[in-house]
Amino acid sequence: MPFKRPRPNPTQGGPNSESSSSRPLPAKQTKTSTAKGLPDMKIYIVQAKLDAESIATLTGLAERHSGVCRNAEDAEVLITAVSMRRRLERHVPWEIAKTKAVVTPQWLRDSIEHGGPLPCDDYVAIGDLHETTVQHCPDCNCKPCGCSDDSPSPTPPTSPRPRTAELSSSPTSLSAASVPEPAERAVYVPENLLPPDPPIPTKLETLDYTSRYACQRPAPLVCVNQSLVRELDTIRHSRWLEGEDRSALSYERAASVIKAYPHKIRSLAQVVKLPFIGTKIGGLIEQYLNTGTILEAETIKGSERFQTLSLFASIYGIGPSTARRLYDLNLRTLEDLEIYYGVERDDVGRQSQIVEVEEKPQHPRWMRGQRAADDGLGDSWIRVALGLREDLAKRIPRAEVEEMGRVVITELNDLKPGCVSTIVGGYRRGKRESNDVDIVFTHPDASKVKGLCKSLVRRLHERGMVTHVMHLSSFHTHDPLRLHHWDNLEKALTVFILPPTSPFYDGTRRRLDLIFASPEVYWTAVIGWTGSIMFQRDIRQWAKDKLGMKFDSSGITRRYDSKEFYPKTEKEVFELFGLQWVDPTWRNADL
DNA sequence: CGGCATACG
DNA sequence: CGTA
DNA sequence: GCCG
């Protein structure tokens with residue numbers, strides 16, 4: 001049945017999602033046009049009137065054979081299925097379109113087949129743009145006739161274009177190819193809710209890798225001392241599983257500092273000066289320098305207890321404490337757990353029976369520790385998690401994260417046009433594969449956000465895309481007694497599956513978190529949910545230590561008088577805190 | 001020796 | 001306690 | 001486990 005081949009998807013680091021601003025890692029900008037059938041052009045695909053499958057296919061073709069970009073004005077070639085001028089103008093400013101080759105999707109396919117850019121004459125998408133399209137066609141025959149009036153061939157100076165919420169006006173991927181395109185009249189979105197354009201550069205030289213705060217230390221996805229970091233992380237993980245949280249925190253901090261250290265470590269002297277490297281951890285690093293490993297980490301990795309606790313705690317809803325309890329009951333394998341929790345092997349939770357899962361309430365203090373009454377019972381909900389474990393353990397390639405974002409945003413825009421969103425989490429930090437997908441949403445009109453989370457979840461649920469709702473909740477303002485303030489943060493933790501019509505569909509269920517913020521706290525929510533955890537922790541620590549402020553995902557308040565602050569952009573949060581800008585791809589303070 | 005991010009269910 |  |  002679900003034997004649609006999962007797209008191999010060789011080239012990644014592709015187009016950044018709609019309004020997210022993660023970039024490819026700063027290090028390399030390989031220009032290898034090898035293996036690409038076309039020269040490296042910047043192609044922008046206008047999503048209107050294309051279904052999800054076509055978008056994915058075209059994007060894939062462009063990525064593999066040439067290059068894509070996320071802004072129309074940065075592109076050389078616009079590809080669109082739209083044929084009417086008025087329609088195109090809703091997605092690309094006319095003045096911009098006039099400076100590009102605007103062609104049909106067939107041009108891309110044929111050019112790839114042909115092995116080079118074809119003349120655009122036969123592929124003009126919009127009649128009124130025939131002249132300019134031929135002029136700007138990347139096939140270099142007609143270039144010499146450069147009697148162009150405008151055409152600054154390098155990207156035009158980009159006047160602040162009116163930006164509208166045109167995030168993926170593609171139809172739902174459920175409806176096949178035809179396009180009704182409902183709800184027109186683009187909603188105007190204030191500039192500050194959209195990602196900065198151009199993106200803000202990270203001034204690495206003004207940051208400080210010796211800082212005691214992770215939010216001042218630029219940390220790449222993978223560092224030059226990565227294997228040492230992994231050793232320390234093994235010990236951290238073990239401490240955490242064993243309930244030694246403070247010790248775990250120390251290892252986490254040490255690893256985080258090493259992660260940001262930009263040189264290969266060759267001597268102990270290099271690291272003992274770094275913060276959070278004390279006697280014990282310094283000794284372990286010395287050992288690592290001498291032998292290439294840390295004995296304790298190797299021992300841990302080999303131990304049955306560690307392996308088992310790790311396995312148990314990898315199940316959603318099972319933490320260190322429960323994992324240890326199960327281990328003490330002499331359970332060791334998943335099969336043991338399935339028996340213990342009463343799962344019938346042979347695909348159970350399979351098939352799309354929609355399940356609503358409620359968080360299990362905690363036992364009262366007075367009856368915990370008396371392992372009795374409820375040993376194999378109760379947690380009907382762990383059974384569900386067990387059934388999901390295999391799927392949720394799979395990582396999600398960037399391209400699929402983007403597809404999920406597209407699908408969800410399309411549904412949302414149907415529901416409430418004008419929403420703005422950012423895909424956050426590890427994806428935004430540049431990870432090539434994610435464990436889950438987190439999306440933060442808002443709407444320029446604050447009054448339209450309330451209840452949206454629940455509505456969207458209901459809609460996705462009705463359409464079979466959300467199979468489980470692990471959690472649905474709201475946050476509120478800092479007002480101890482919130483009077484006229486409605487909640488300004490709503491959150492849903494769900495399990496999601498792409499519709500079978502999606503080219504990425506392979507039946508794997510994925511964790512999807514949806515976060516709705518009021519526009520005033522949109523960027524603080526985005527910062528919070530972008531992480532990494534250590535980065536987030538230290539930004540809060542910094543706010544407290546240096547500014548006397550409290551920072552959480554739903555806002556910033558001054559501690560002594562509870563005055564609230566509402567930075568209008570992500571950059572303004574950094575400025576408010578007196579911090580240098582750190583791009584999301586440099587916030588990888590965790591392993 | 002106290003603090004280590006913070007909030008919700 | 002477990003999750004973000 | 002490390003810091004002030």
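Throughout, protein chains are lettered first and strands after them, A, B, ... in sequence-line order, and every chain is numbered starting at 1.
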Exercise. Taking CD1 from A:Ile258 and C1' from D:dC2, how many angstroms apart are they, rounded to a whole number?
Worked result: 14 Å
Exercise. Contact class for A:Ile318 (heavy atom, under 4.0 Å): base, sugar-phosphate, or nothing?
Worked result: sugar-phosphate
Problem set entry | Nearest-angstrom distance from the residue atom CD1 of A:Ile556 to C1' of B:dA7 | 16 Å
For this session: Give a yes/no on whether any side-chain N or O of A:Ser321 is located under 4.0 angstrom from OP1 or OP2 of C:dC1.
Result: yes
Seminar exercise, completed: Considering only heavy side-chain atoms of A:Thr279, the closest of B:dG9, D:dC2, C:dG2 is D:dC2
Exercise. A:Ile277 has an atom CD1; how far is it from atom P of D:dC3, in whole Å?
Worked result: 8 Å
For this session: Salt-bridge test for A:Glu403 and A:Arg510: reply yes if a basic N is under 4.0 Å from a carboxylate O, no otherwise.
Result: no
Exercise. For A:Lys544, does its backbone N or O pair with a side-chain atom of A:Lys550 as donor and acceptor, under 3.5 Å?
Worked result: no
Seminar exercise, completed: The nucleotide from D:dC2, B:dT6, B:dC8 with an atom nearest the side chain of A:Lys550 is B:dT6
Exercise. Roughly, in whole Å, what's the span from CD1 in A:Ile382 to P in C:dC1?
Worked result: 15 Å
For this session: Using atom CG of A:Asp590 as one end and atom C1' of B:dA5 as the other, report the distance to the nearest whole Å.
Result: 13 Å
Problem set entry | A:Arg559 side-chain proximity, nearest of D:dC2, B:dC8, B:dT6 | B:dT6
Problem set entry | Reported CZ-to-CG distance for the pair A:Phe441 and A:Leu514, which is rounded to 0.5 angstrom | 5.0 Å
Exercise. What is the distance, rounded to the nearest whole Å, between atom OH of A:Tyr213 and atom P of B:dA5?
Worked result: 11 Å
Problem set entry | Lys/Arg N to Asp/Glu carboxylate O, A:Arg230 vs A:Asp233, below 4.0 Å | no
Problem set entry | Carboxylate-amine/guanidinium proximity below 4.0 Å for A:Glu490 and A:Lys454 | no
Exercise. Reckon A:Arg324 touches a base, only the sugar-phosphate, or nothing at all at heavy-atom distances under 4.0 Å?
Worked result: nothing
For this session: Go through the structure and list residues passing side-chain contact (heavy atoms from CB on, under 4.5 Å) with A:Ile339, not counting sequence neighbours.
Result: none
Exercise. Once the angle between the rings of A:His237 and A:Trp240 is folded into 0 to 90°, is it parallel (under 30°), tilted (30 to 60°) or perpendicular (over 60°)?
Worked result: parallel
For this session: Using the P atom on both, measure D:dC2 against B:dT6 and round to a whole Å.
Result: 23 Å
Problem set entry | Rounded distance in Å - NE2 (A:His468) to C1' (C:dT3) | 17 Å
For this session: Please tell me which of the listed nucleotides, D:dC2, B:dA7, B:dG9, lies nearest to the side chain of A:Ile281?
Result: D:dC2
Problem set entry | Per A:Leu493 side chain, nearest of listed nucleotides C:dG2, D:dG4, C:dT3 | C:dT3
Protein-nucleotides 2-4 of chain B N/O pairs under 3.5 Å:
residue	atom	partner	partner atom	Å
B:dC4	OP1	A:Lys544	NZ	3.0

Exercise. Do any pairs count as a salt bridge (Lys or Arg N to Asp or Glu O under 4.0 Å) and have a residue in residues 281-303 of chain A, sequence neighbours left out, and if so which ones?
Worked result: A:Glu231-A:Lys301, A:Arg239-A:Glu296, A:Glu298-A:Lys301
For this session: For A:Asp245, check side-chain hydrogen bond (donor to acceptor under 3.5 Å, both in side chains) against everything at least two apart and list the hits.
Result: none
For this session: Calculate the interatomic distance between A:Lys546 atom NZ and D:dG4 atom C1'; express it in whole Å.
Result: 12 Å
Show me the donor-acceptor pairs within less than 3.5 Å that the side chains of residues 248-258 of chain A make with the rest of the protein, sequence neighbours left out.
residue	atom	partner	partner atom	Å
A:Glu252	OE1	A:Arg537	NH1	3.2
A:Ser256	OG	A:Arg217	NH2	2.8
A:Ser256	OG	A:Ala589	O	3.2

For this session: Give, ordered by number, those residues of residues 223-241 of chain A having at least one heavy-atom distance below 4.0 Å to an atom of DNA chain D; if nothing qualifies, reply none.
Result: A:Arg239
Problem set entry | Short side-chain N/O contact to D:dC2 OP1/OP2 from A:Arg212, under 4.0 Å | no
Exercise. How is A:Asp538 classified with respect to the nucleic acid when contacts are heavy atoms under 4.0 Å: base, sugar-phosphate, or nothing?
Worked result: nothing
